[in-house]
> 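For reference, the structure I am asking about is given below.
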Amino acid sequence: MLCATAIPAPVPFFDKLVAASLPLVPRPIVRRLSARYIAGEARGDALARGAELQQAGYGVTYDLLGEAVKDRAEVHAAADEYRALIDALVDGGLERNVSLKPTQMGLDLGEDVCFEVVDALGHYAAERDAFLRFEMEDSPTVDGTLRVFERLRAAHGGRVGCVLQSMLHRTPDDVRGLLDQPHPLNVRMVKGIYVEPEAIAWQQPGKVTEAFLECTRMLLDGGAFVGVATHDEAVVDGLCEYLDGAPEARGRCEIQMLLGVREELRAKVRERGLPVRVYVPYGESWYPYVMRRLKGNPKLARYALFGMFGRREDLSQD
Ligand code: FDA
């Protein structure tokens with residue numbers, strides 16, 4: 001274990017300053033701190049981590065890192081990697097559940113391009129009994145993502161799921177819109193990781209949590225499967241309270257957590273009778289993903305900054 005040196009007490013203003021300074025931190029330092037959040041750069045790293053988690057009784061979803069892809073060949077390369085990943089999961093006897101970013105699948109090149117790429121992947125996945133989660137990115141992409149998702153859902157039913165962000169004011173309406181359609185519905189509910197303007201998004205954490213639980217209830221009441229993706233015990237408590245009054249919904253939900261975030265919570269959640277799925281990202285395009293995670297963890301972000309000055313910190317307790 002490395003030796004801890006004094007770190008200044010966390011104060012919100014300082015945290016904001018640290019978050020704003022993160023882009024100045026050299027990549028090798030960010031890379032060192034990212035080890036907890038990503039399985040590695042190679043597919044084999046993700047498969048090894050996924051196998052360990054599956055062995056320990058957790059579900060897994062695999063994510064190839066990458067976003068905002070503007071080049072058609074790169075989009076197809078990412079889709080090919082997902083095919084190879086699904087094949088490797090089949091060969092390894094592992095659960096086949098993968099997560100895709102719309103802008104990695106060509107959304108910036110047009111909704112038709114994105115639909116064609118993910119639709120083809122959906123057919124490939126169907127033949128191999130795999131599930132695809134079409135994720136959600138920042139607010140300018142939400143309409144396009146939901147339109148592409150509705151086409152995917154019409155074509156592939158519950159084999160393709162989506163993500164909704166409770167921080168956005170629009171989300172209860174989106175829930176109602178999705179529940180209005182006749183096809184099976186599988187939603188990952190999240191708070192939302194992107195910085196969004198006050199005019200369209202709740203800024204107070206309490207409001208985001210309240211909206212999270214409200215949307216989750218609406219989805220479960222409406223018969224959807226919900227992946228409740230959170231590390232917030234207040235959300236887990238709220239879900240358990242709901243399930244006490246609606247035990248029939250128990251088989252239609254699970255908790256989802258990110259690799260490297262609050263790992264001690266996983267077992268506690270499982271003891272409460274909820275299945276847990278872990279999100280295992282891998283690939284060479286780790287930088288934007290890791291920067292978002294570091295901004296969500298001011299303490300680790302401070303370590304990154306102090307790491308620039310050669311301090312060695314004990315990261316084991318964060
Ligand atoms: P909150 O942010 O309040 O965190 C709860 C507690 O967890 C905090 O007190 C803190 O201690 C701890 N914590 C949170 N982040 C941490 C970190 N990085 N390091 C250490 N501790 C941390 N978002 C999105 O916009 N689109 C998407 O498609 C997805 N997909 C997705 C999949 C999965 C499986 C998860 C778990 C999350 C996402 N997200 C996402 C991210 C999501 O929107 C949200 O930003 C994070 O889950 C953090 O929100 P929490 O609900 O955990 O609450």
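Note that these values count all heavy atoms, side chains included, but never hydrogens, waters or copies made by symmetry. Remember, it's 1-based here, ligands and their atoms both numbered in the order they're listed.
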> Does an N or O from Val261, backbone or side chain, lie closer than 3.5 Å to an N or O of ligand 1?
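Between Val261 and ligand 1 (N or O atoms, distance only) the closest approach is not under 3.5 Å.
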
> Charged N to carboxylate O below 4.0 Å: is that the case for Glu41 and Arg31?
yes

> Heavy-atom count around Glu284 CD within 6.0 Å, excluding the residue itself: above 12?
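Counting neighbours around CD of Glu284, 12 or fewer heavy atoms of other residues, nucleotides or ligands fall under 6.0 Å, so no.
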
> What atoms of ligand 1 come closer than 4.0 angstrom to any heavy atom of Gly192?
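Taking each heavy atom of Gly192 in turn, ligand 1 has 25 (O), 42 (C), 43 (O), 45 (O) under 4.0 Å.
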
> Are any of the N/O atoms on Tyr37, whether in the backbone or the side chain, positioned under 3.5 angstrom from an N/O atom of ligand 1?
yes

> Applying the side chain to side chain donor-acceptor pair (under 3.5 Å) test to Ser99, which of Arg133, Gln256, Arg188 qualifies?
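That would be Arg188; it is the only one of Arg133, Gln256, Arg188 passing the side chain to side chain donor-acceptor pair (under 3.5 Å) with Ser99.
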
> Can we say Asp119 and Arg151 salt-bridge, meaning some charged N sits less than 4.0 Å from an Asp/Glu carboxylate O?
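Judged by the 4.0 Å cut-off on N to carboxylate O distance, Asp119 and Arg151 do not form a salt bridge.
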
> Hey, does Arg36 come in under 3.5 Å of ligand 1, counting only N/O atoms on both sides?
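In this structure, Arg36 places no N or O atom under 3.5 Å from an N or O of ligand 1.
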
> Heavy-atom contacts with Tyr194 under 4.0 Å: which atoms of ligand 1 show up? List them by number with element.
25 (O)

> Ignoring hydrogens, just give me the one of Leu259, Thr61, Val190 whose non-hydrogen atom is nearest atom 42 (C) of ligand 1.
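Result: the heavy atom closest to atom 42 (C) of ligand 1 is in Val190.
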
> Please determine if Glu67 and Lys101 form a salt bridge, counting it only when a charged side-chain N lies under 4.0 Å from a carboxylate O.
no

> Just distances here: any N/O of Met136 and N/O of ligand 1 closer than 3.5 Å?
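Yes, at least one N or O pair falls under 3.5 Å.
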
> Side chains of residues 233-247: which donor-acceptor pairs under 3.5 Å do they make with residues two or more places apart or in other chains?
{"residue": "Glu233", "atom": "OE1", "partner": "Arg262", "partner atom": "NH1", "Å": "3.3"}
{"residue": "Glu233", "atom": "OE1", "partner": "Arg262", "partner atom": "NH2", "Å": "3.1"}
{"residue": "Glu233", "atom": "OE2", "partner": "Lys268", "partner atom": "NZ", "Å": "3.3"}
{"residue": "Asp237", "atom": "OD1", "partner": "Arg272", "partner atom": "NH1", "Å": "2.7"}
{"residue": "Asp237", "atom": "OD1", "partner": "Arg272", "partner atom": "NH2", "Å": "3.2"}
{"residue": "Tyr242", "atom": "OH", "partner": "Asp221", "partner atom": "OD1", "Å": "2.6"}

> Backbone or side chain, does any N or O of Gln165 fall under 3.5 Å from an N or O of ligand 1?
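Looking only at distances, the answer is yes, because the N/O contact criterion of under 3.5 Å is met.
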
> Report the part of Arg277 in contact with ligand 1, treating N, CA, C, O as backbone and CB onward as side chain, heavy atoms under 4.0 Å; options are side chain, backbone, both, neither.
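Neither; nothing of Arg277 gets under 4.0 Å from ligand 1.
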
> Do Arg262 and ligand 1 have an N or O pair less than 3.5 Å apart?
no

> Heavy-atom distances under 4.0 Å are what count here, so tell me which part of Val163 touches ligand 1: side chain, backbone, both or neither.
side chain

> Just jot down the ligand 1 atoms closer than 4.0 angstrom to any heavy atom of Ala229, in number order.
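Those qualifying, in numeric order: 33 (C), 34 (C), 35 (C), 36 (C).
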
> What atoms of ligand 1 come closer than 4.0 angstrom to any heavy atom of Met257?
36 (C)

> Could you tell me whether Asp143 and Arg170 have a side-chain N and a carboxylate O separated by less than 4.0 Å?
yes

> So do Met257 and Arg277 actually touch side chain to side chain, heavy atoms under 4.5 Å?
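Sidechains of Met257 and Arg277: no contact.
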
> Give the atom numbers and elements of ligand 1 that come within less than 4.0 Å of a heavy atom of Gln256.
34 (C), 36 (C)

> Between Glu214 and Arg217, is the closest basic N to carboxylate O distance under 4.0 Å?
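Salt bridge between Arg217 and Glu214, a charged N being under 4.0 Å from a carboxylate O: yes.
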
> With the threshold set at 4.0 Å, does a side-chain nitrogen-carboxylate oxygen contact exist between Arg36 and Glu263?
no

> I'd like to know whether ligand 1 has Arg188 as a neighbour, heavy-atom separation below 4.0 Å.
yes

